[in-house]
Number of protein chains: 2
Amino acid sequence: MFSNQLLKGHLQTIVLQLLTDRGRMYGYEISQAVKSMTAEKIILTEGALYPTLHKLRAQGLVRTEVLVVGKRRRKYYELTPAGREASVSRVREFFEFVQTMQLLLGGRGKSTDHELA
Amino acid sequence: MFSNQLLKGHLQTIVLQLLTDRGRMYGYEISQAVKSMTAEKIILTEGALYPTLHKLRAQGLVRTEVLVVGKRRRKYYELTPAGREASVSRVREFFEFVQTMQLLLGGRGKSTDHELA
DNA sequence: AAATATACCTAAGTAATTTAGGTATTCAAA
DNA sequence: TTTGAATACCTAAATTACTTAGGTATATTT
């Protein structure tokens with residue numbers, strides 16, 4: 001549904017926050033979690049998700065561990081200390097961005113209330 | 001500040017809403033309005049703004065009129081009926097997107113309250 | 001047995017930017 | 001008075017983050 005242009009630039013933020021919440025996840029698990037948490041309104045395509053995970057790793061924000069369950073190979077991702085910091089700042093930045101957008105779009109309402117109350 | 005990746009896909013939405021509010025504006029005026037309304041947190045670069053305006057026109061969402069003030073040429077943009085509809089749906093879509101993101105990012109708070117209360 | 005789900009991956013194409021130019025007029029400052 | 005900044009428009013190449021469209025392989029369901 002929103003898997004189009006709206007998501008641009010927010011994919012890393014989503015992954016970082018999910019890993020903050022759940023500790024350790026593998027790629028497929030992340031895609032399923034996002035799908036179910038958003039009632040399928042956000043779908044992370046594999047072509048977007050895997051390159052994003054690889055990039056987070058290249059940036060030193062996550063580290064990986066491959067586990068073999070049965071004969072299936074799962075690549076688990078976990079935040080590094082730098083990743084934990086990045087997660088906080090990315091999420092904060094998202095909400096700041098939304099608040100700023102509300103100045104333009106006339107967001108009547110109490111704002112997103114992030115880090116404010 | 002946010003002029004980077006966060007803005008992706010939201011530029012048309014911003015322009016449409018501004019024209020909804022103010023009726024008729026020219027390009028430079030739009031860029032200045034966005035800058036001052038957001039305390040310079042959102043800067044629309046000219047390389048992004050002008051192609052966006054041309055695209056909105058190609059899509060039939062705005063129409064243009066060139067006025068000459070002194071010897072300066074200003075190209076005014078105004079919403080078409082289709083543009084007025086698009087403006088409403090784009091803004092609504094933005095806030096729906098934000099609400100969906102809050103499901104993932106743990107947006108504590110009362111949501112953006114858009115079209116809800 | 002075949003289809004679906006799980007689980008990973010890459011590469012070509014696309015779209016919306018940024019960056020970096022270009023032209024021309026008006027106004028303020030040195 | 002001329003230089004710089006602001007006003008006002010524009011385009012093109014490069015960048016970036018996606019989508020689309022493949023590929024491999026195992027496990028489960030029909």
Minimum-distance pair of heavy atoms, taken over all atoms of A:Gly27 and A:Leu49:
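For A:Gly27 and A:Leu49, the tightest heavy-atom pair comes out as O-CD2, 3.3 Å.
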
Return no unless some side-chain N or O of [X] is found under 4.0 Å from OP1 or OP2 of [N].
| X | N | answer |
| --- | --- | --- |
| B:Tyr50 | D:dC9 | yes |
| A:Arg74 | C:dA7 | yes |
| B:Tyr26 | D:dA8 | yes |
| A:His10 | D:dA17 | no |
| B:Arg72 | D:dA8 | yes |
| A:Lys55 | D:dT16 | no |

Which residue, A:Lys71 or A:Pro51, contacts DNA chain D at a nucleotide closer to its 5' end, judged by nearest heavy atom?
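Nearer the 5' end of the strand: A:Pro51.
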
Could you check B:Ala48 against A:Val69 and say which one's nearest nucleotide on DNA chain D is further toward the 5' end?
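With B:Ala48 and A:Val69 compared, the 5'-side residue is B:Ala48.
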
Quick one: [X] [atom1] to [N] [atom2], roughly how many Å, whole number?
| X | N | atom1 | atom2 | value |
| --- | --- | --- | --- | --- |
| A:Leu53 | D:dC18 | CG | C1' | 15 Å |
| A:Lys35 | C:dA5 | NZ | P | 8 Å |
| B:Ile43 | C:dT17 | CD1 | P | 15 Å |
| B:Leu56 | C:dA15 | CG | P | 16 Å |
| B:Tyr76 | D:dC9 | OH | C1' | 14 Å |
| B:Glu46 | D:dA6 | CD | P | 13 Å |
| B:Gln32 | D:dA6 | CD | C1' | 9 Å |
| B:His54 | D:dA12 | NE2 | P | 12 Å |

So, B:Glu29 and B:Arg74, do they make that salt bridge, N to O below 4.0 Å?
no

Between A:Arg24 and A:Glu65 (salt bridge meaning N to carboxylate O under 4.0 Å), is one present in this structure?
yes

Could you pick out which residue, A:Lys75 or B:Thr52, lies toward the 5' side of DNA chain C when each is mapped onto its nearest nucleotide?
A:Lys75

Tell me what B:Gly47 touches on the nucleic acid: a base, only sugar-phosphate, or nothing, going by heavy atoms under 4.0 Å.
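Base, at least one base atom sits under 4.0 Å.
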
Using side-chain hydrogen bond (donor to acceptor under 3.5 Å, both in side chains) as the criterion, point out the one residue from A:Lys75, A:Arg57, A:Glu78 that pairs with A:Thr64.
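Answer to the side-chain hydrogen bond (donor to acceptor under 3.5 Å, both in side chains) test with A:Thr64 among A:Lys75, A:Arg57, A:Glu78: A:Arg57.
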
Return the orientation label for the A:Phe97 and A:His10 ring planes: parallel under 30°, perpendicular over 60°, tilted otherwise.
tilted

